[in-house]
Protein chains: 2
Amino acid sequence: MMDFKEGKQKFIESWGKMASDWGINRTMAQVHALLLIAAEPLTADEVMSELDISRGNANMNIRALMDWGLVHKQLRTGERKEYFYAEKDMWVVVRQIILNRKKRELEPMLKVLEEISGVENNCPESESFCTVVRDIRKFSNKANQTLDALVKADATWLSNPLFSLLR
Amino acid sequence: MMDFKEGKQKFIESWGKMASDWGINRTMAQVHALLLIAAEPLTADEVMSELDISRGNANMNIRALMDWGLVHKQLRTGERKEYFYAEKDMWVVVRQIILNRKKRELEPMLKVLEEISGVENNCPESESFCTVVRDIRKFSNKANQTLDALVKADATWLSNPLFSLLR
DNA sequence: CAGAATTTTCAAATACTTTTGAAAACAAAA
DNA sequence: TTTTGTTTTCAAAAGTATTTGAAAATTCTG
């Protein structure tokens, strides 16, 4: 049976790997992983020593995770240090990630698609262009709507019969 | 009304931007965008001059797009040059992307989760670890199943009543 | 087969991203 | 207010990823 320390390392490592495949800073994901599995909130110093990263790096990535709404600060009366803990409900985690990426990436793309869906169409090249842009726009709008629905839905969605109907 | 050339530039640029946000080489996405909107298959030389990139770069990215199953080669009898065209059915495009990323990223993660779901659990730290790993594993398995279903479903899925029921 | 056209490779150069660490800013305590 | 503990900032360094371009390999043609 694998021991805890080894499992922890593996988890942090592959969470980081996966994130960097998806265009997210590897260290940010590792900090996230560390806080996800922590039994108690951690200080910046604990994050630094656990992951063997600098103070600046720890600070910047904890901050980014808070911007994403995945990590929160805990202040303890009588203590100067700040403690950090991750949101552990996977449904909330995924919802936050969807919300963030949708806003930062999908929505700007939709805006561009809308802008360029009005190009003048008077040659075979622009014909082909317009057709593809129209299709992508239709598709993206649908995806956008579905994500909205997903985000509005609550945690029970995963066990919703509708979900299994899709199989 | 926006002119074709400007629209084309904007499209290529934002397709590349979006892709790089998602951990995909920007130039690869730009080549993809160019081929997506092209009325006819293009040669490597045309890709090079349209995007102003080197021969090696064009070759490597066209190749990668073929590996992803998003671009195909067309050979013309009596011509030495190779022509390339993109799959334009958005449903097929998205399906290919899902298939590729699922295989390269989600599946390895699932494997790791399975491995580490058997860590010994005998302290508060490992307790917290096991709980989170179990939740993530449950969630990822569900996501994996849903993606499988999505990929198996056909193009009509998007207009399937089930889809709108999710709203 | 030799020559010409074309594609592929890959080491080096360039560009981009992340990390460090020390100094500055800040905030609580004395 | 001064000291002390803590967080934040950011320029420079280190680390990664991408691009180039010329040489090698491949493939077609005569």
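Just so we're on the same page: letters track the sequence lines, and every chain starts at 1.
- Atom-to-atom, CG of B/D52 to C1' of D/dT19 comes out at 12 Å; the value is rounded to the nearest Å.
- Relative orientation of the B/W15 and B/H32 rings is tilted, given thresholds of 30° and 60° on the angle between their planes.
- The side chain of A/N25 contributes an N or O atom lying less than 4.0 Å from OP1 or OP2 of C/dT19.
- Per the geometry, CD1 belonging to A/I53 stands 14 Å off P belonging to D/dT8, to the nearest Å.
- Nearest to the side-chain atoms of B/A44 among the listed nucleotides C/dG21, C/dT7, D/dT20 stands C/dT7.
- When each of D/dT20, C/dA5, D/dT7 is scored by its nearest atom to the side-chain atoms of B/R80, the top-ranked nucleotide is C/dA5.
- Computed from coordinates, the A/E79 CD to C/dA27 C1' distance equals 15 Å when rounded to whole Å.
- Salt-bridge annotation for A/E50 and A/K8: present, with a side-chain N of the basic residue lying under 4.0 Å from a carboxylate O of the acidic one.
- Comparing B/N59 and A/T27 by the nucleotide of DNA chain C that holds the closest heavy atom to each, the one mapping nearer the 5' end is B/N59.
- By the 4.0 Å N-to-carboxylate-O rule, A/E107 lies too far from A/K103 to be salt-bridged with it.
- Here D/dG5 presents its C1' atom at 13 Å from OH of A/Y83, a figure rounded to the nearest Å.
- The separation between B/E82 atom CD and D/dT26 atom P is 14 Å, rounded to whole Å.
- The side chain of A/R63 sits closest to D/dT8 out of D/dT8, C/dT6, D/dT19.
- A salt bridge does not link A/K17 with A/E13: every distance from a Lys NZ or Arg NE/NH1/NH2 to an Asp or Glu carboxylate oxygen is 4.0 Å or more.
- Atom CZ in A/R55 sits roughly 7 Å away from atom C1' in D/dT6 (whole-Å rounding).
- When the C1' atom of C/dT7 is taken as reference, atom CE of B/M48 falls 11 Å away, rounded to whole Å.
- Whole-Å rounding puts the A/K81 NZ to C/dA27 P distance at 17 Å.
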